[in-house]
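These notes concern the structure reproduced below.
Each chain gets a letter, A, B and so on, in the order its sequence line appears, and its residues count up from 1. If you're wondering where the values come from, they're calculated on a predicted model, not measured in any experiment. Atom set for the values below is all heavy atoms of this structure, side chains included, hydrogens, waters and symmetry mates excluded.
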Amino acid sequence: MKFSKSLIETLREDPKEAESKSHRILLRGGFVKQLASGVHIYLPLGWRILMRIEKIIREELNRIGAQEMLMPAMCPREVWEKSGRWFEYGDDMFKFKDRKGRDYCLCPTHEEIITGIARKSIRSYRDLPQIWYQIQTKYRDELRPRFGVIRSRQFIMKDSYSLDRDEDGLSENFELHKQVYIKIFRRCGLDFEIVDAAGGLMGTGQSNEFVARVDGGEDTIVACADCDYRANLEAAQGIGKTFDFEDCPITEVHTPGKRSVDEVSDFLKVGPENFVKNMFYTAPDKEPILILLRGDYDINEGVIQSRFGFSYKPADVETITEYFGAEPGFIGPVAKGDIAIYADDLLEGAKGMITGANKNDYHIKGLNLERDVKVREYLNVRVVKQGDACPKCRHELELHNALELGHIFKLGTRYSKPLGATYLNEKGEEKPIIMGSYGIGLERIMACVCEQKGDEHGAVWPISIAPSEVYIIVLNPLDKGVAGVAQEVIQVLTNNGFSVIIDDRDFSAGIKFNDSELLGIPLRLTIGPKGIKNDSFDIYLRGTKEIVRVDKGSILMKLQELKDILYRRLNGR
RNA sequence: CGGGGCGUAGCGCAGCGGUUUAGCGCGCAUGGUUCGGGACCAUGAGGUCGUGGGUUCAAAUCCCACCGCCCCGACCA
């Protein structure tokens, strides 16, 4: 591939919209271009990377007998209504009408469609197990796309689905996918780890996330400083400290205009751990619930939604005022036994607490949960914070920024039951198919490599996914002698299976060297008058910045050797 | 949706207390000199100043509305 004839556009300056490292590298190297917020064009070089990632994924999945197929990106509403996700997904789903006025969506994922196929095609236990997958574009109308391709509204995902007759089969397929994912990410040259995760909208069974610790991530993971406990923030369980405040009768305190825990805590000179926060959630057609949480913690809405339902949202000001006779900031649980009250388990047995008085501009002191509040149930609804103790070993937990690369879920019967995907077992009984779903974001692999391997000069692609293996700089390409040698060497390399980018542009050397760094091709060969004269050619390794000198006759052998070494480095980790 | 920032040539930016040819650097085109880490000279092409409305003799510049993009937050398989 000749640079001079290709759609490769490197940018000399950082595009102003790019803040994160991966975004900057991908834009500057001309790998991607932004069309709209969260919508990207994959230019030839970026697309080559994605195609190579696809190939690795295919190879590994085919190896475990997964069958590739392609499902449509658009889907009628009814399919999504049966699972309840037409509403659960809400505005995150792109929805539109066809000319007849029928509702459609652009699929954010494909559990419903897969389950529909299973329903029609799987009859007997003899048809199971199955693994089906596709590599296809997904659409999600994210509230805030960011970090370039990392959180975008249209992205390419490999999604696979396992169908089994029982939990054991599911566990096997789940484990199989875990192993396959490890291989895939290793082959792509990534450093990653596996953490416990919350299923969220997908379902509530076991789920694991594959994450990479990078600054430009949108995920937070919790890791124990001492043992192997790893979880993402939504799933993490931490052990919080408990405090023993003095038990005393309830008294009112005047707290004019002080609503938030911070404000009241400042005003009364009492730490936030002495407060009980009141979070009121409502859902259409369901009873409202009041969640009590200690003042020094945040609520984990994922728990609310998975425990009580996705339709639960924080109540608005009017609703709160109506139920409590006070404005948000002053509401409290006392004498509110008619409302369903749930409390975070850190509050069990808490006394001497401060909370709202259900009277504007007043709080109460001396709240004793056991004595004063009808708590229906204590549960862990708080988000872990730095310094909480590890649930496994009690050492300190740390929070890290991370990027989610893949996610594997045990769905169980979450979709097969509502959509009626069943099979007949040996006894002729009708049973729901036990399902799993497994996703990988392709662009995220590409972006993550930039985050982890890229440097101040640009991208550093692992040889396995690089848009090309060798970058050939031809210096003084209009010189007949140079052009001749270049032609000869290129011929030899391409005949021997190398993919090369030939920088044949009639530019000064610096531009070409700098572009070669920016594009991050793992091996670089320089062909110029000097090298030809001395029969000494430079081969440069982008990753390690080593330079190897060889004579013309050894170029092919040396490059083959270096290529092997680079592949071995990738696999031998 | 809340807070902040930005929209002027392909890219990065200046001009913005009103004045008629809207600039600079890079890139692009042509010719020439160069040629192992972002060369030089000359000539040239390229602009609905985000959109709409208003104020004014006169608007990139002042006012209003809208749109788009980025960042922080809320949210997020």
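Contacts between residues 151-159 of chain A and RNA chain B, counted as heavy-atom distances below 4.0 Å, involve A:R151, A:F155, A:M157.
Sorted by first then second residue, the ring-ring contact (aromatic ring centres under 6.0 Å, His included) pairs that include residues 17-42 of chain A, not counting sequence neighbours, are A:F31-A:W461. Applying the salt bridge (Lys or Arg N to Asp or Glu O under 4.0 Å) definition to pairs two or more places apart or across chains, those involving residues 533-543 of chain A are A:D455-A:R542, A:E517-A:R542, A:D538-A:R549.
By the salt bridge (charged side-chain N to carboxylate O under 4.0 Å, His left out) test, A:K138 is found to be paired with A:D159, residues two or more places apart in sequence or in another chain being considered. Residues meeting the side-chain hydrogen bond (donor to acceptor under 3.5 Å, both in side chains) test with A:Y139, sequence neighbours left out: none. Evaluation of the side-chain contact (heavy atoms from CB on, under 4.5 Å) rule for A:K178 yields A:F174, A:E175, A:I194, A:N208, A:F210, A:I408 as partners, not counting sequence neighbours. Qualifying side-chain hydrogen bond (donor to acceptor under 3.5 Å, both in side chains) partners for A:S516, counting only residues two or more places apart in sequence or in other chains: A:R524. Qualifying salt bridge (charged side-chain N to carboxylate O under 4.0 Å, His left out) partners for A:E327, counting only residues two or more places apart in sequence or in other chains: A:R259. Scored by the salt bridge (charged side-chain N to carboxylate O under 4.0 Å, His left out) test, A:D164 finds no partners at all (sequence neighbours excluded). Under the salt bridge (charged side-chain N to carboxylate O under 4.0 Å, His left out) criterion, A:K277 pairs with A:D298, not counting sequence neighbours.
When the side-chain nitrogen and oxygen atoms of A:R144 are compared with OP1 and OP2 of B:C71, one or more of them lie within a distance under 4.0 Å. Taking 4.0 angstrom as the limit, A:Q305 places none of its side-chain polar atoms (N or O) nearer than this to OP1 or OP2 of B:C75. Distances shown here put every side-chain N or O of A:S37 at or beyond 4.0 Å from the OP1 or OP2 atom of B:G68.
Nearest-nucleotide positions on RNA chain B for A:L143 and A:H23 put A:H23 closer to the 5' end.
Taking the six-membered ring for Trp and thresholds of 30 and 60 degrees, A:F409 and A:H407 have nearly parallel ring planes, at less than 30 degrees apart.
Rounded to a whole Å, the CG atom of A:D141 is 19 Å from the P atom of B:A74. In this structure, NZ of A:K33 is placed 9 Å from C1' of B:C11, rounded to the nearest angstrom. The CD-P distance, from A:E9 to B:C26, rounds to 18 Å in whole Å.
Checked against B:C70, B:A74, B:C69, the side chain of A:A36 finds its nearest nucleotide in B:C69.
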Checklist entry - Which letter, B, S or -, goes with each nucleotide of nucleotides 29-46 of chain B from 5' to 3', with contact meaning a protein heavy atom under 4.0 Å? => result ------BBBBS-------
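In this structure, A:K512 fails the cation-pi test against A:F507, since its NZ or CZ atom is not both closer than 6.0 Å to the six-membered ring centre and inside 45 degrees of the ring normal.
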Produce the list of close N/O pairs, under 3.5 Å, pairing protein atoms with atoms of nucleotides 13-16 of chain B; give distances to one decimal.
none

